[in-house]
Each structure stands twice: as C-alpha cells, then as structure tokens.
Amino acid sequence: MADWKTNEELYDIANRLGRKIIEMYAKAGVWISAGLHVDTIIRNIVLDAETCMSLEPQRIIDEFERMQKAARDTGEDAVCKATLNTAAIKLGEWTGAGAEAFMDQMDYIRTFMDQQNRQILFAAHCMGTTYSLAVNARRNYYELADATIAACDKEMEKQAERDTKATIGILSEIATACITGFGRPDKAATVVRWGLESFVAIGAKTAEVVIEGSEAPQVVSSYNRARRSLEDSFNDGLAELTRWIETQERDLAEVRNPILEPLQREIDVTGADFDYGKFFHDARDPAVFSAKVEQERKKIQEEQNRPPGLIGQRLDGGPS
C-alpha cells in the first residue's frame, strides 16, 4: 500500500511545530496575547493536523478489501455460475405458466448479479478516490508542518540550508482525476485486481508552496495561508466526491431489482394459487399427478403451520 502518514506521526510533527513557533516567538521577543496559554497554541496547531486525519486510510483499506471479496464472490464464482446454468437447463423440462414464471426468476438472478457488479464497482471506485484524498491530505500536512519548522529555524538563524518548500496537493483535482480518469471495467471482478496505489498515482496533482518570512509573525502567517489553502482544497475534494456519489446513487435508485419482489403466485408452493397444472414436468401428466401433488402440498403446509412442542404433540394425538 501507499506510504501514508499515521495519526501518531501527524500528532508528533504538529506538536513539534507548535513548540517551534513558541520558541521562535520567544527568541524574537514577540508578545503573545494575554490569556493565550502555550498549550492553547500547540492545541490549535494539532487541530490543523486533525482536519487531515479525518479520513483513516487503514479503515478505507479494510473496506476496499471487503469490496474485493464481494467482487470475487459475485463475479468470479465459477461453481455458482455452473449451478445456475445447470438449473436453467433442467428447468427447460418443465411446462406451464408457473415454469415460465420460474424461468423469469432465473433471469432475475442473473440481472441481480449484474446489478451487484455495477454497485460493487461503484463502491470500490469511491473507496479508491477516498483513499487518495486521505493519503494526500496527510502527506501534504506533514510536508507543510515540516517546511514551517524549517522556516522557523531559518528565521532564528539556526540554519540556512534546509528547504522551506512544501508540496500541497490540489485535492479537488485529485478527486476529479480519480473519478473521471480511472478506467471503468464492465465487471466488478476486475476490482479484485485493482490496487489502491493506482488511485494515489493517478491523482498526483500538486502545487508547491514556500513557507517564508524575515520575521516570526510573517513565518506564521505564511503557514496559516498554506494551511487554509490545504483545508479548502481538502474540503473541495470531499465535495467533489460527494456530488459524484449523490449522482450515482440517484441512478442506482432508479434501477429495478425484480429478484427482491414477491414470487409470482404460480410458483409459490405455499400459496393458494399454486397448481401442478401450471408447473409440471413433461414426463408426469398433470391429469395423473395433480391430485397427489396437491395432497403433498397441503401436508407440507399443515406441518409448517403446526405449533411446536407440547401443543403440537397433543394436536397429533400424542401423549400430553
């Protein structure tokens, strides 16, 4: 998986940045507003980092892997496909309106699997885009904080060589690139071969910022401008992803899913409208077998409706 910054790493660099700014202010003799405790300054820096921690890469990885498993189960299960095809062949030996309705159910199963393919593909695509936003936001804040620490040291003349530049992702463009620039295969089984790193690579849209200033307040102001730019870009990326999800959800909501609808009455063995004459085998004439089928069907219904336990035993004439 892509190298992403952990919460611990971001908390660490945010705390170091907060202490470095306080050290720089103290050395420069910059007055800190009365009542503004040192811990409050550090806490405000940590809150900046926490914004970029709001998406947890490991949880996204776990969900993406769940999508991959679902894709394998629905798109690559050869045994299930073979079983369904065999059932359809055997069903061809049956006749009547009920048999035709059951054949429709077989087609509905295939339709349902196709729909699941599209929905799994969409879900995995969302996970990949979200992962790219999460990884880039964390990397970007870490680079920004690290460059600001270098700028503080430079202002305090502790060193002059360290780079004070940071790469900030244009996260709205990253989201758009992941949504529109990633190939869309026809089958969700392809998700099994997708890697989340692909989304990070395709969304590599960045801009360079320089944290600079000849005086301590200017360094902090430069950090704040870059931090606001990163937060705005992060929010824009999430908004772009949200709009895409809402559009896709509306499209998916319009797709009819017949397999979830009630069975046709002709093939519901427990229903009053079931009749062997509507669903019979070519080798078993309804004129001969209808009465026997109806007798067995009623027997099954009685067994299913009989209460369990002692009451059922008494109804059967057993010992009380």
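Counting heavy atoms from C-beta outward, Thr86 and Lys90 have side chains that approach closer than 4.5 Å. Side-chain atoms of Ile61 and Trp4, non-hydrogen and from C-beta on, do get closer than 4.5 Å to each other. Using a 4.5 Å cut-off on side-chain heavy atoms (C-beta onward), Trp244 and Gln248 make contact. Side-chain atoms of Glu100 and Asp104, non-hydrogen and from C-beta on, never get closer than 4.5 Å to each other. The shortest distance between side-chain heavy atoms of Tyr25 and Val220 falls below 4.5 Å. Taking 4.5 Å as the limit, some side-chain heavy atom of Phe122 sits within range of a side-chain heavy atom of Ile245. In this structure the side chain of Leu10 never reaches within 4.5 angstrom of the side chain of Val46, judged on heavy atoms. Between Asn7 and Arg138 there is a side-chain heavy-atom pair separated by less than 4.5 Å.
Under the 3.5 Å distance criterion, the side-chain polar atoms of Ser233 are left unmatched by any main-chain donor or acceptor of Ser229. Side chain of Ser222 to backbone of Gln218: no donor-acceptor contact under 3.5 angstrom is found.
Heavy atoms only, all atoms of each residue included: Ile60 and Ala134 are closest at CD1-CB, 4.0 Å. Pairing each heavy atom of Met156 with each of Lys27, the nearest pair is O-NZ, 2.8 Å. Taking both residues in full, the closest heavy atoms of Ala216 and Glu155 are given as N-OE2, 3.5 Å, listed atom of the first, atom of the second, then distance. Of all non-hydrogen atoms in Cys152 and Lys20, the two that sit nearest each other are CB-CG, 3.4 Å. Closest approach of Met67 to Ile120, counting heavy atoms only: O-CG2, 3.7 Å. In terms of heavy atoms, Ala87 sits closest to Met106 at CB-CE, 3.5 Å.
Here Arg225 contributes atom CZ and Leu230 contributes atom CG; the two are 15.0 Å apart, rounded to the nearest 0.5 Å. Note that CG of Leu17 and OH of Tyr223 are 5.5 Å apart. Values are rounded to the nearest 0.5 Å. Atom-to-atom distance recorded for Thr148:OG1 and Ile21:CD1 is 7.0 Å, nearest 0.5 angstrom. The distance from atom CD of Gln295 to atom CZ of Phe289, rounded to the nearest 0.5 Å, is 13.5 Å. With rounding to the nearest 0.5 angstrom, the CE atom of Met53 is 8.5 Å from the OG1 atom of Thr6. In this structure, CD1 on Ile13 lies 4.5 Å from CG on Asp146, to the nearest 0.5 angstrom.
Side chains of Asn224 and Arg227: a donor on one and an acceptor on the other come within 3.5 Å.
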Walk me through it: do Phe234 and Leu55 pass the test side-chain contact (heavy atoms from CB on, under 4.5 Å)? CA-CA 11 Å; Phe234 185 45; Leu55 295 177; 4.0 Å; yes
Just do the salt bridge (charged side-chain N to carboxylate O under 4.0 Å, His left out) check on Glu240 and Arg243 with the steps written out, would you? CA-CA 5 Å; Glu240 181 71 18; Arg243 285 191 293 270; 2.7 Å; yes
Take Asn235 and Thr51 through the side-chain contact (heavy atoms from CB on, under 4.5 Å) test and state the conclusion after the steps. CA-CA 10 Å; Asn235 290 329; Thr51 298; 5.5 Å; no
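Salt-bridge check for Asp62 with Arg59: failed, with every basic side-chain N at 4.0 Å or more from each acidic carboxylate O. Salt bridge present: Arg66 and Glu63 bring a charged side-chain N and a carboxylate O closer than 4.0 Å. Taking 4.0 Å as the cut-off between side-chain N and carboxylate O, Arg16 and Asp12 count as a salt-bridged pair. At a threshold of 4.0 Å, the pair Glu50-Arg43 counts as salt-bridged, since one of the basic side-chain nitrogens sits closer than that to a carboxylate oxygen.
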